[in-house]
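To start, the structure under review is shown below, and the notes come after it.
Predicted model, so just to flag it, every value in this text is computed and none were measured. Chain letters run A, B, ... following the sequence lines, proteins first, then strands; residues in each count from 1.
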Protein chains: 2
Amino acid sequence: MQQIADAAGVSVTTVSHALSGKRPVNPDTAARIHRLIDQFQYVPDAGARRLQSGRSRTIGLAVPDISHWYFGRIARGVEEAANEADHGLVVASTANADPRRERRYFTMLSTRAIDGLIYASSRSTAEIDELARLARSAPLVLADEPIESIDVPSVSTTVYEGALEAVTLLKALGHERVVAVAGYQGLPSTLARTRALHEVFPGALTFYGDFEVESGYRILGDLLAADLRFTAVFAHNDNMAIGAMRRLQDAGLRVPEDVSIIGFDDTDAATMVTPALTTVRKDMVEVGRQSGRLLLDRLNGTPVAKQDSVLLPTELVVRGSTGPAPATPRPSSS
Amino acid sequence: MQQIADAAGVSVTTVSHALSGKRPVNPDTAARIHRLIDQFQYVPDAGARRLQSGRSRTIGLAVPDISHWYFGRIARGVEEAANEADHGLVVASTANADPRRERRYFTMLSTRAIDGLIYASSRSTAEIDELARLARSAPLVLADEPIESIDVPSVSTTVYEGALEAVTLLKALGHERVVAVAGYQGLPSTLARTRALHEVFPGALTFYGDFEVESGYRILGDLLAADLRFTAVFAHNDNMAIGAMRRLQDAGLRVPEDVSIIGFDDTDAATMVTPALTTVRKDMVEVGRQSGRLLLDRLNGTPVAKQDSVLLPTELVVRGSTGPAPATPRPSSS
DNA sequence: CTGTTAGCGCTTTCAC
DNA sequence: GTGAAAGCGCTAACAG
């Protein structure tokens, strides 16, 4: 900047103001300065700016695993929002329960490498205390899974309503015996889906998985081995639904003739499997985008509190994996 | 830091040195300082440090779309490497051909918000000139797709060898008529796979897609409509292989009895489809990890040049979508 | 409209 | 073994 100032025959102050427009500058001088800036390919130093202003124009995103479809979608939305506002985005994995890693985002906030954080949890809500503490000292937004007990704004989806639509469909198709392959126990969305399930099928059994394909496969294997009778499976996400479907097909059962399956998320894979999966769509990119906007609004001074939380709609997508309940439940001991 | 210095009754200089260890400090004083640091929860300001040292301890990753499985895997590997070296990672999307967006990583480098960049392209190599220019002014590593014409180190996989294994398998199964559903034309990896294909099946036809499921579906539709006869499809990635498989199945053809299909990547979806996809595995997380390490080595002074490029192995994974060639090519005009 | 001056929080000579 | 002081590149009073 000094270089530009010298070349233009003015002080750095004037260059700074010509750039920011925070005070009037002689049009001629301004033009000259801008020409020089282009010529020298000058770009103001981000670090110096940060040091001066206290803001890094960068936000953080903490996710368990950036390579998962689910968090990748969130990340994409956040990145779009950050980009719109001309902010950078740094991502940090919280997975592996490596303590140093777990605190990484905390450190980034303290060192002011980032101005605020979007936190997407998926596992337990064990980190509540830490998040509550964090929220006191820095702007924080929860993406996807809200936490009722602390005063932090969140962006989530109408999981309960979506699940209700899903199980209502099963009911309408005549299903009576449905089992749930659930997500992490204790997770708000798991609770919501279970609540919706029981609304329609009060006594329905629930088995907890970990959201991965394998767990759907394994749980269904156990159910078959135990000779449990059911005509429909309500999985808390598409991955587990797909695992469940594979296990049933491996056992010679037909989907949906013998057993109907319904998933959640509407991942890319939902249309790749045969039959295509009936599922509840959640727009995770939008969740990310709105989380980003919420955080950025807050950074720009707009006060944002818990009541500004956003709830995005879900949508039931009916495809081939659901059908009328068979007369006799097929997985039977007979 | 001033606060700590005051409380400890020393100067900031001593605190700084107690922290960095760059010059001896009285053990007692050092202990006292460290105690105070813990107590005040002091963390040095990243911006100030950067301004002084010129290094931001942050690297950048430019990908077309962070939400894609492929780039998500790379991102995860890079994040791991960055984390190991206690560096931050900022991601920027290059997609959408939005010019401002395209230059985002360039700006980040100029403003020194990041110390170096990992660039993962997937589309054309039109950005060569810009990358060459970039490489002159900042540490750059190419992930996945090397560019021969410029002197930039890269981390990629043995695509040619993998493809050769794949088509050799088809040959061994007795296939004679194989068609390729290829990736972006002009991409080095597309070229390599095509070269391998022609090594074994000199006259094999190639149709170009865009790496998405849809394009595999569409291309196979065209081939069926044109009454082309073939017994095997060599797709340049799993997505297109899955699209191709769906199209064949929709047409009533059986995989692999009528047509064998082979993909590339070994995505999660490869084992979700029926039959499971025979494919060539590439460890994209490792590609990301090694790219990150290469860049970080370079930032730490180890000179890294083109000849330090890394080539990671691929592995043929035989699953259910490939089988012996049928006596008569089924998609036929008869 | 423009320049001078004083820091932002840290590291690093140069002295003692 | 420790301090004082300069300065990284920028912005923001405070004066003209």
Side-chain angles (χ1 to χ4, degrees), chain A residues 1-34 36-37 40-58 86 88 107-115 137-138 299-301, chain B residues 1-34 36-37 40-58 86 88 107-115 137-138 301:
Chain A
M1 186 177 246
Q2 186 63 60
Q3 195 181 18
I4 306 279
D6 290 349
V10 295
S11 73
V12 287
T13 311
T14 304
V15 176
S16 172
H17 286 281
L19 224 37
S20 68
K22 291 204 178 173
R23 91 180 185 188
V25 173
N26 182 306
D28 284 359
T29 322
R32 188 151 31 93
I33 291 174
H34 278 114
L36 262 349
I37 285 178
F40 284 78
Q41 299 242 53
Y42 166 80
V43 186
D45 182 279
R49 247 182 169 153
R50 214 224 39 56
L51 186 55
Q52 168 67 28
S53 69
R55 318 243 283 96
S56 60
R57 298 191 68 76
T58 300
D86 201 37
T107 308
M108 292 191 309
L109 281 170
S110 333
T111 64
R112 342 215 78 203
I114 58 178
D115 296 336
S137 61
L299 292 177
N300 288 329
Chain B
M1 187 178 248
Q2 187 62 61
Q3 195 184 19
I4 307 279
D6 291 349
V10 295
S11 73
V12 287
T13 311
T14 304
V15 176
S16 172
H17 287 281
L19 224 38
S20 68
K22 292 203 177 175
R23 91 180 184 189
V25 173
N26 182 307
D28 284 359
T29 322
R32 189 149 32 92
I33 290 173
H34 279 115
L36 260 351
I37 284 177
F40 283 78
Q41 300 240 53
Y42 166 79
V43 186
D45 181 280
R49 248 184 170 153
R50 214 220 47 49
L51 186 55
Q52 171 67 29
S53 68
R55 316 245 283 99
S56 61
R57 298 190 69 76
T58 300
D86 201 37
T107 308
M108 292 191 308
L109 281 170
S110 335
T111 64
R112 342 216 79 202
I114 58 177
D115 296 335
S137 62

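At whole-Å resolution of the value, CZ in B/Arg32 and P in D/dG1 are 14 Å apart. Look at CG on B/Asp45: it is 14 Å from C1' on D/dC10, rounded to the nearest Å. B/Ile4 has its CD1 atom 15 Å from the P atom of D/dG3, to the nearest Å. Here C/dG9 presents its P atom at 18 Å from CZ of A/Arg49, a figure rounded to the nearest Å. Going from atom CD1 of B/Ile37 over to atom P of C/dC10 covers 10 Å, rounded to whole Å. Between the CZ atom of B/Arg57 and the C1' atom of C/dC10 there is a distance of 15 Å, rounded to whole Å. With rounding to whole Å, B/Leu51 atom CG is found 12 Å from D/dT11 atom P.
The shortest distance between side-chain heavy atoms of A/Gln2 and A/Asp6 falls below 4.5 Å. Under the 4.5 Å side-chain criterion, counting only non-hydrogen atoms from C-beta, A/Arg55 is in contact with A/Asn300. Using a 4.5 Å heavy-atom cutoff, the side chains of A/Ser16 and A/Met1 are in contact. The shortest distance between side-chain heavy atoms of A/Met108 and A/Thr58 does not fall below 4.5 Å. Under the 4.5 Å side-chain criterion, counting only non-hydrogen atoms from C-beta, A/Thr111 is not in contact with B/Arg50.
Side-chain proximity of A/Thr13 to D/dT2, C/dG3, C/dT11: nearest is C/dG3. Distance from the side chain of B/Gln52 is smallest to D/dC8 among D/dC8, D/dG3, C/dC8. Of the listed nucleotides (C/dC10, D/dC10, D/dG1), C/dC10 has the atom at the smallest distance from the side chain of B/Tyr42. Of the candidate nucleotides C/dT2, C/dT11, D/dT11, D/dT11 has the atom lying nearest to any side-chain atom of A/Met1. Counting only heavy atoms from C-beta on, B/Val10 has its side chain closest to D/dG3 among D/dG3, C/dG3, C/dC1. Among C/dC8, C/dT2, C/dT11, the nucleotide with an atom closest to any side-chain atom of A/Arg23 is C/dT2. Of the candidate nucleotides D/dT2, D/dT11, D/dC10, D/dT2 has the atom nearest to the side chain of B/Thr14. Relative to the side chain of A/Thr29, the nucleotides C/dT2, C/dG7, C/dC10 differ in distance, and C/dT2 lies closest.
Residue B/Lys22 has a polar side-chain atom (N or O) positioned under 4.0 Å from OP1 or OP2 of C/dT12. The side chain of A/Ser53 contributes no N or O atom lying less than 4.0 Å from OP1 or OP2 of D/dT11. Proximity of B/Arg50 to the phosphate of D/dC8: no side-chain N or O atom is located under 4.0 Å from OP1 or OP2.
Interatomic distance, A/Arg49 CZ to B/Leu51 CG, rounded to the nearest 0.5 Å: 13.5 Å.
Nucleotides of DNA chain C nearest to B/Leu19 and A/Pro24 differ in position, and the one nearer the 5' end is that of A/Pro24. Position along DNA chain D of the nearest nucleotide to A/Val12 versus B/Val25 favours B/Val25 as the more 5'-ward residue. The nearest heavy atom of DNA chain C to B/His17 and to B/Ala48 marks one nucleotide each, and the one closer to the 5' end goes with B/Ala48.
With hydrogens and angles ignored, no donor-acceptor pair closer than 3.5 Å exists between the side chain of B/Gln2 and the base of C/dG9.
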